[in-house]
Protein chains: 2
Amino acid sequence: MPTETTSRLNLSYERLNNYCCRLTRPRQVILDVLDKVDRHLNAEQIYKRASEIYPTLGLATVYRNLELLVRIGLVWKFDVGDDKTRYEIAQWSRETHHHHLICKKCNSVIDYSESIDNERDFLREREKNLSRKYNFKIENHCIDFFGLCSKCKNTD
Amino acid sequence: MPTETTSRLNLSYERLNNYCCRLTRPRQVILDVLDKVDRHLNAEQIYKRASEIYPTLGLATVYRNLELLVRIGLVWKFDVGDDKTRYEIAQWSRETHHHHLICKKCNSVIDYSESIDNERDFLREREKNLSRKYNFKIENHCIDFFGLCSKCKNTD
DNA sequence: TCTCCTATTGAGAATGGTTCTCATTAATAC
DNA sequence: GTATTAATGAGAACCATTCTCAATAGGAGA
């Protein structure tokens with residue numbers, strides 16, 4: 001019986017197929033790392049973890065595939081201001097979609113997703129208005145709050 | 001009689017003073033460029049424009065001062081995904097604060113700010129909740145919508 | 001107005017995350 | 001299997017940004 005995790009990975013593999021991309025070992029390993037991890041990793045960190053599973057992996061391959069995965073929507077990337085792009089597995093479902101609280105000082109990231117229902121309604125309405133007004137096809141959004149986390153707030 | 005623009009610049013100069021930063025020619029010129037321009041420029045573009053006014057300006061000086069201006073809140077920076085940080089003069093007032101529509105294909109940026117009142121109310125409430133829940137001091141937020149602009153939508 | 005102190009600058013070198021190149025390998029179609 | 005060609009690994013290259021350091025110039029006080 002497939003767990004939730006394996007079925008999410010299976011969906012990812014299927015999507016790769018739909019885009020005529022080969023299902024290679026590096027791609028599986030990278031997706032696997034992103035799927036398992038709870039934090040937002042940069043390319044170097046993903047490379048390090050993936051290398052433990054697949055030691056001959058190259059860093060360039062990690063970059064190439066992250067770019068691909070972002071392009072076909074399986075992975076999202078974002079920037080917290082430390083010049084290293086961070087990546088997370090795409091969360092399309094109602095339950096798992098979330099936004100970020102980013103600490104300006106230590107660059108840590110907190111996800112939040114609870115009580116997000118009115119946020120969703122609000123955004124849907126907003127996107128509809130903006131699309132019409134600017135003739136712009138909105139595919140995604142990014143809501144980040146910047147400030148000081150509980151630790152850094154007290155040492156500031 | 002001071003125009004709106006000159007008074008905004010004067011406020012900026014005052015703020016530099018408050019932070020014990022000298023009011024140097026490069027800083028004036030950079031602020032002046034950012035104040036006048038309607039688009040979101042990257043460091044290179046700011047350097048190019050500022051050099052026309054102050055030809056001996058160095059690129060490193062532009063980077064250093066943009067960092068300073070961001071730190072003291074006179075300038076905001078953000079990223080559209082082309083690996084070049086963009087900068088805009090900080091818009092703190094109710095009338096001028098805005099968010100972005102970013103085209104994934106041509107990296108163009110549209111500001112929107114109209115009918116933003118309910119957005120502001122929504123965000124204020126949200127920030128209050130998040131601050132309490134995560135003991136996080138929210139200082140700023142970033143709302144960007146990504147997608148395809150009217151031009152790119154049709155050539156896709 | 002002059003002088004001093006030191007923050008700031010300009011130029012070029014250095015850094016480092018990311019991308020490119022190219023010979024080699026391996027995933028898929030037949 | 002075999003052929004085709006997308007994908008890979010290694011290292012070089014790229015390029016936005018930061019660093020270094022001697023020279024310059026704000027601005028406080030005399």
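Heavy-atom basis, side chains included; hydrogens, waters and symmetry copies ignored. To find a chain, count down the sequence lines: A is the first, B the second, and so on, and within it residues start at 1.
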Any N/O pairs under 3.5 Å between the protein and nucleotides 21-25 of chain D? List them or say none.
none

**OP:** Using a heavy-atom cut-off of under 4.0 Å over every strand shown, decide if A:Thr24 touches base, sugar-phosphate, or nothing.
**Re:**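 Contact class for A:Thr24: sugar-phosphate only.
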
**OP:** Just call it for A:Asn65: base, sugar-phosphate, or nothing, with non-hydrogen atoms closer than 4.0 Å on any strand.
**Re:**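 Touches sugar-phosphate only.
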
Which of these nucleotides, [options], is closest to any side-chain atom of [X]?
X	options	value
A:Tyr63	D:dT8, D:dA16, C:dG17	C:dG17
B:Cys21	D:dT17, C:dT8, D:dT8	C:dT8
A:Leu59	D:dT17, C:dT18, C:dG10	C:dT18
A:Ala60	C:dC20, D:dC19, D:dG27	C:dC20

Whole angstroms only, please: what is the [atom1]-[atom2] distance between [X] and [N]?
X	N	atom1	atom2	result
A:Asn17	C:dA29	CG	P	8 Å
B:Glu44	D:dC14	CD	C1'	14 Å
A:Leu68	D:dT8	CG	C1'	13 Å
A:Gln45	C:dT18	CD	P	11 Å
A:Tyr19	C:dA27	OH	P	23 Å
B:Tyr47	C:dG10	OH	P	9 Å
A:Asp83	D:dC14	CG	C1'	16 Å
B:Leu16	C:dA7	CG	C1'	13 Å

Subject >> Rounded distance (nearest 0.5 Å) linking atom CD1 of B:Ile138 with atom CG of B:Leu130 >> reply: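 Reported to 0.5 Å precision, the distance equals 5.0 Å.
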
Original post:
Hey, what do you get for NE2 (A:His100) to SG (A:Cys142), rounding to the nearest 0.5 Å?
Top reply: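 These two atoms lie 7.5 Å from each other.
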
Original post:
Hey, what's the ring geometry for B:Tyr112 with A:Tyr134, parallel, tilted or perpendicular (30° and 60° as the breaks)?
Top reply: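 B:Tyr112 vs A:Tyr134 ring planes: tilted.
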
Original post:
Less than 4.0 Å between a side-chain N and a carboxylate O, is that true for A:Glu44 and A:Lys84?
Top reply: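 No salt bridge links A:Lys84 with A:Glu44.
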
Under 3.5 Å, which donor-acceptor pairs do the side chains of residues 51-65 of chain A form with other protein atoms, sequence neighbours left out?
unit_1  : atom_1 : unit_2  : atom_2 : d
A:Ser51 : OG     : A:Tyr47 : O      : 2.7
A:Thr61 : OG1    : A:Arg64 : NH2    : 3.2
A:Asn65 : OD1    : A:Arg27 : NE     : 2.8
A:Asn65 : ND2    : A:Thr61 : O      : 3.1

Subject >> Closest heavy-atom pair and its distance - A:Gln91, A:His98 >> reply: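 Nearest pair, atom of A:Gln91 first, then A:His98: CG-CE1, 3.8 Å.
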
**OP:** Give a yes or no on whether B:Ile89 and B:Val109 share a hydrophobic cluster (residues Ile, Leu, Val, Met, Phe, Trp, Tyr; joining criterion: side-chain heavy atoms under 4.5 Å apart).
**Re:**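 B:Ile89 and B:Val109: separate clusters.
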
Original post:
Can a side chain N or O of A:Thr56 be found less than 4.0 Å away from OP1 or OP2 on D:dT8?
Top reply: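 False: A:Thr56 side-chain N/O out of range (4.0 Å or more) of D:dT8 OP1/OP2.
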
